[in-house]
Protein chains: 2
Amino acid sequence: MAKVTPKSGGPRIREGGAVREVMDRIGDKWSLLVIGTLRAGPLRFGELEAAVAGISQRMLTLTLKHLVEDGLVARTAYAEVPPRVEYELTELGRTLVPLVMALAEWAMANHEQINANRSGHASGEGRP
Amino acid sequence: MAKVTPKSGGPRIREGGAVREVMDRIGDKWSLLVIGTLRAGPLRFGELEAAVAGISQRMLTLTLKHLVEDGLVARTAYAEVPPRVEYELTELGRTLVPLVMALAEWAMANHEQINANRSGHASGEGRP
DNA sequence: CAGCATCCTCGAGGATACTG
DNA sequence: CAGTATCCTCGAGGATGCTG
């Protein structure tokens, strides 16, 4: 996989590889939800589990592991009992917050219209 | 259910339902790729297939069908032979373009760093 | 509390072939 | 050219139980 078909005149962007690559990482709903949830500050595992609510413990573990690996989230374990672990966005992760929030806001602003379109999409879809 | 966004003061956003819902639709990589590809103007089925390149014909069909149902993409079939069908973003779909592009640009700007972090994520991930 | 490990299901998605 | 139909695989992801 490589270049996209260069279209005449249009401001073409090299979206082939990088976007796909990154999307495979942060493109899944859990990652985006977690990032959005962490934007306010550090949270513990349990807090995240409650905040995202709907995510399984396994998925939260995996998602966090990936995000930490990618350097989007920092994990801090406090060696005490009971164990406490906090997750927070790194600088890199924070640069993603505005995009995630924009997406979230778009979703909230338009999900009704989308639902409406989906129900009877023979009337006037797409024309707000 | 026209939820307002209390983004100022209380840094808590009602992201539970709507975001998840919309993410399930446009959150998959194919939808985002297709939307991004269509931003320059109408494209025919075959052009899209070539432009996205990596997408299977089946997935393109399904993705387009969903996007049309959601009112993000308009389908125009010209009754002629050989058949010609063009897809283009609706008004609603166009409002999503800036976000998609922002995501694409973020991806291209940071995928190297992410890859670096993933390889040896004990060095300087995130930017501590 | 935080988090691996295991089993199992279910549907996203690719390959292929056919049609209008 | 623009799909539709069918089969089949593979891995995302939930449920459950155990450990540090």
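Numbered from 1 within each chain, the chains take letters A, B, ... in sequence-line order.
Under the 4.0 Å criterion applied to side-chain N and carboxylate O atoms, B:E91 and B:R94 are assigned as salt-bridge partners. The pair A:K65-A:E69 does not meet the salt-bridge criterion, since no charged nitrogen lies less than 4.0 angstrom from a carboxylate oxygen.
Taken residue by residue, residues 78-87 of chain B places heavy atoms nearer than 4.0 Å to DNA chain C at B:P83.
Rounded to 10 degrees, the angle separating the terminal helix axes of the helix from C:dC1-D:dG20 to C:dG20-D:dC1, each built from five base pairs, is 50°.
One finds the OG1 atom of B:T61 at 3.5 Å from the CZ atom of B:F45 (value rounded to the nearest 0.5 Å). To the nearest 0.5 Å, atoms CG (B:L48) and CD (B:E86) are separated by 10.0 Å. From A:R75, atom CZ reaches atom CG of A:L64 across 9.0 Å, with rounding to the nearest 0.5 Å. Note that the CG atom of A:L99 and the CD atom of B:E105 stand 9.5 Å from one another [nearest 0.5 Å]. A distance of 7.5 Å separates CG in A:N117 from CG in B:L72, rounded to the nearest 0.5 Å. For the atom pair A:W106 CH2 and A:I114 CD1, the distance stands at 4.0 Å (nearest 0.5 Å).
Nucleotide D:dG11 holds its C1' atom 17 Å from the CH2 atom of A:W30, rounded to whole Å. Atom NE2 in B:H66 sits about 13 Å away from atom P in C:dG11, given to the nearest Å. Atom pair A:E49:CD and C:dC1:P shows a separation of 10 Å (rounding to whole Å applied). Atom CE in B:M59 sits roughly 14 Å away from atom P in D:dA5 (whole-Å rounding). Atom CG of A:L60 is separated from atom C1' of C:dG3 by 10 Å (rounded to the nearest Å). Atom pair B:I55:CD1 and C:dG14:P shows a separation of 8 Å (rounding to whole Å applied). Computed from coordinates, the B:L43 CG to D:dC1 C1' distance equals 15 Å when rounded to whole Å. Atom CG of B:L62 is separated from atom P of C:dG11 by 15 Å (rounded to the nearest Å).
Within a 6.0 Å sphere centred on CD of B:E112, other residues, nucleotides and ligands contribute 12 heavy atoms or fewer.
Under a 3.5 Å cut-off, the side chain of A:T90 and the backbone N or O of A:G71 do form a donor-acceptor pair.
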Polar atom pairs between nucleotides 4-8 of chain C and protein, under 3.5 Å, N or O only, would you list them?
unit_1: C:dC4; atom_1: N4; unit_2: A:Q57; atom_2: OE1; d: 2.7

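Minimum heavy-atom separation, A:M59 to A:I55: CB-CG1, 3.6 Å.
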